[in-house]
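Please read the structure below before turning to the comments.
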Amino acid sequence: MSVSSNGHNLGNSKKTKKAMPKQTASSGLLKGRLAQGPHKALQMASVSVTFDKRLAPYDIQGSLAHARMLFEASLISRQEFDDISRGLKILDEKVSKEEFSYDSSLEDVHMNLEKALTDLIGQAGAKLHTARSRNDQVATDERLFLIDNLRIVENNLFDLRLALVNRAKKAGPLPMPGYTHLQRAQPVLVAHHLMAYYQMLTRDRERLLGLESRLKVMPLGSGALAGTGLPIKPRVTASLLGFTSLAPNSLDAVASRDLLMEFLSISAIMAVHLSRLAEDLILWCSQEFNFAALPDNLTTTSSMMPHKKNPDGAELIRGKAGRTIGNLVTLLTVVKGLPMSYNRDLQEDKEPLFDTIDTLNLILPLATAMIESIEFKEENLKKAADDPFMAATDLADHLVQKGVPFRLAHEQVGRLVVLALSKNIALRDLEDSLVLKYCPEAEPGLVKKLSLDNLLAKRDTTPGGTAPAVVSLRIKEALDELDGEKRAKS
Ligand code: ARG
C-alpha cells in the first residue's frame, strides 16, 4: 500500500475500503496536512473557479476516462466505476444547463466537481483522484478545451477566408492604386489586395493545424510531477480522450504552457492580420480615399455630429487586436521565471487564453460581415489607379529592354517625372521630343502606350503577379482549396 504526502491511503480498492479515513471530500478536500483553512486574503487570491468553470465539461470528460482506466487497471471496482460515471453524467447535465452552483471556497473547478461528485455518490467519488493530481488534470483539461475551441476559431476563420475570395471574385479586374509607404506605387487589382489577406489568414490556419497535432499528447498520468507508482494504464485514458500519444516527460507535462503560448501567438498574429485589414477598410471609407462604403448596419453615427458614418466595427477589430497581443505577453511573463515544474502562477494562464478565444470569435465574424457587404466605388478606384505616374517603373523597364542599365533608366525616368510634375502634366502626355531628350533609348510614342490595362496585364510573370489572368487563377485555386476543406469537415 502506498501512502500519499497528505497521509491518505491510496491502495487498491479492497484495502482502501477499510483504510479510507472518515474525513473525505465531502467534509473538506485538502485538510489533512494543514491545521487551519486558508487566510481570507489567500483564499480570495486562490479562487479560480469564477473563470476556470469554463473547463468543467472537459474536466468531466477527463474524469470519466480516468475512472474507466482506474477500473480497467483494477484500482477501483466495477460498482465504484458505475457510481462515478453515473454521478459525472448528472454533473455534466447540470453544467450544460448552467444549473451547477460553484462554490468559491473550493478554489477551482476541479475541486468543485470532485466535491459535488462525492456529495452525490459518496465514498466512490473520493477515489476518483487516485493516481491523478490537479497538475496533470488541469494540463489535460486545457488541451481538451483548446482542441475543441481551435475548431470553432478555425470555422470562423474559414468563413472570413471564403468571404475574401468571393469578394475578390466579384471585384473581377477592378483596379486600385497599390501603395508602399502609403504613397501610390503601382496599380494592382482590388481582388489582388483582398487575396493578400486570404494568403495571410491561410497561413494562420496552417499554424492552428500544426498546433492541434502537438496538443494531442496526453499529460494525464504525469501526476503532480513525477508520474505515479500505481499500476495505471494511461493508453486507455488517452484513446478514450482522443489523444494520440502520452507525454514523454512528466515534469514537462505539468510545467509547460508553451502550447498555450503558441496558440496565443498564432492568435495575436491572426488578430494583427485582421487589424491591418480593418485599417485598410477604415482608410478606404474615409472621405480622403473614398474607395468604398460599408452598409449602415456595420457603421455607427456620432452622438453629436449628425452627418457622421463611422467605421466603428473596423476600429473595434483594430483595437481588440491589442488585447490578444497583451494576452500573449501576459502568459509569456507568467511563465518566464518559473522553476521546474508546476507552480501556482500557472493558474494565471486561463484568463488570457479564454479572452483571446472570445476576442477572435467576436472579430472574425465581424470582419466577415464587413468583407461580405463592402461596396467598392468603382469609378473612384479606376480614376485613382490610372494615376499616370504609377507607370514610371514600366517606363524604366522598357528602357532596360532596350539595353539601358536599370540604375540609369531609373535616373532618366526620375528626371522625366520631375519635368512632368513641373509642367503639371501626366507622364503619358509629355511630348515625344521631351521624352527622348531624357530617355534617348525610348521608343517614340511609348509613353502613350503605358495604359492601365497594359500595366496590369503585363504582371503575369510570377504566380503572385497582379495581372487579371493570374489573379483569376489564384482565386480559382483558393476556391478549390476552401471546397476541399469544407468537404473534409463534413
Ligand atoms: N487551479 C489550479 C491551476 O489552474 C489547478 C492546479 C492546482 N495545483 C496545485 N498544486 N495547487 O493551476
Side-chain angles (χ1 to χ4, degrees), residues 1-33 55-96 100 106 108-141 144 218-224 226-243 246-247 250:
M1 184 185 296
S2 56
V3 174
S4 73
S5 61
N6 64 6
H8 286 188
N9 294 314
L10 293 175
N12 69 32
S13 54
K14 268 187 206 144
K15 285 176 188 163
T16 40
K17 226 170 221 163
K18 271 185 260 154
M20 180 64 79
K22 281 243 159 61
Q23 186 190 41
T24 57
S26 56
S27 55
L29 287 175
L30 300 179
K31 284 192 182 150
R33 172 69 178 78
L55 296 175
Y58 305 94
D59 199 73
I60 292 170
Q61 190 192 352
S63 288
L64 257 174
H66 181 67
R68 167 159 281 281
M69 181 282 287
L70 290 176
F71 163 60
E72 290 193 17
S74 307
L75 287 160
I76 59 173
S77 67
R78 173 90 231 182
Q79 184 59 52
E80 285 164 340
F81 169 62
D82 286 345
D83 288 349
I84 291 173
S85 57
R86 178 177 50 85
L88 286 173
K89 280 174 189 149
I90 294 171
L91 296 184
D92 197 35
E93 228 182 279
K94 279 195 178 179
V95 166
S96 66
F100 189 91
L106 290 166
D108 58 23
V109 65
H110 322 291
M111 304 290 246
N112 267 271
L113 289 169
E114 193 184 325
K115 164 101 166 51
L117 180 70
T118 310
D119 287 350
L120 207 61
I121 65 166
Q123 292 291 303
K127 288 201 173 182
L128 176 62
H129 212 52
T130 307
R132 187 175 73 169
S133 155
R134 275 186 295 160
N135 298 354
D136 57 350
Q137 187 179 358
V138 70
T140 303
D141 289 4
L144 292 171
M218 188 180 78
L220 218 50
S222 302
T228 171
L230 289 167
I232 58 167
K233 295 185 169 181
R235 278 181 206 292
V236 171
T237 329
S239 85
L240 288 168
L241 294 174
F243 287 108
L246 306 178
S250 61

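All residue numbers refer to positions in the sequence shown, counting from 1. Since the model is a prediction, treat every value here as computed from it, not as a measurement.
Shown here are the salt bridge (Lys or Arg N to Asp or Glu O under 4.0 Å) partners of D83, two or more places apart in sequence or in another chain: R86. For D108, the salt bridge (Lys or Arg N to Asp or Glu O under 4.0 Å) partners two or more places apart in sequence, or in a different chain, are R134.
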(message) Using the rule given for side chain to side chain contact (heavy atoms under 4.5 Å, CB included), can you reason through F100 versus L91, listing the C-alpha separation, both sets of side-chain angles and the distance that settles it, and then say yes or no?
(response) CA-CA 7 Å; F100 189 91; L91 296 184; 3.8 Å; yes
(request) For E72 and R68, run side chain to side chain contact (heavy atoms under 4.5 Å, CB included): C-alpha distance rounded to whole Å, both residues' side-chain angles, the deciding distance at 0.1 Å, then the answer. (result) CA-CA 6 Å; E72 290 193 17; R68 167 159 281 281; 3.0 Å; yes
(request) Take F243 and L144, measure what side chain to side chain contact (heavy atoms under 4.5 Å, CB included) needs, and give me the verdict at the end. (result) CA-CA 9 Å; F243 287 108; L144 292 171; 3.7 Å; yes
(message) Go through it in stages, so that I can follow the logic: the residues are F71 and D82, the test is side chain to side chain contact (heavy atoms under 4.5 Å, CB included), and I'd like the CA-CA distance, side-chain angles, deciding distance and then a yes or no.
(response) CA-CA 9 Å; F71 163 60; D82 286 345; over 6 Å; no
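Between K115 and the options D119, T118, N112, a side chain to side chain donor-acceptor pair (under 3.5 Å) holds for only D119.
With values rounded to the nearest 0.5 angstrom, T140 atom OG1 is found 5.5 Å from D136 atom CG. Taken to the nearest 0.5 Å, the CG atom of L70 stands 7.0 Å off from the CD1 atom of I84. Atom-to-atom distance recorded for M218:CE and R235:CZ is 9.0 Å, nearest 0.5 angstrom. Atom CE of M69 sits about 9.0 Å away from atom CD1 of I76, to the nearest 0.5 Å. With values rounded to the nearest 0.5 angstrom, L220 atom CG is found 7.0 Å from L241 atom CG.
N135 places a side-chain N or O within donor-acceptor distance of the main-chain N or O of A224, the cut-off being under 3.5 Å.
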Show me, pair by pair, the donor-acceptor contacts under 3.5 angstrom made by side chains of residues 57-67, not counting sequence neighbours?
from : atom 1 : to   : atom 2 : distance (Å)
Y58  : OH     : D148 : OD2    : 2.7
D59  : OD1    : H110 : ND1    : 2.8
D59  : OD1    : Q137 : NE2    : 3.0
D59  : OD2    : Q137 : NE2    : 3.3
S63  : OG     : D59  : O      : 3.0
S63  : OG     : R132 : NH1    : 2.9
H66  : NE2    : L128 : O      : 3.4
H66  : NE2    : T130 : O      : 2.7

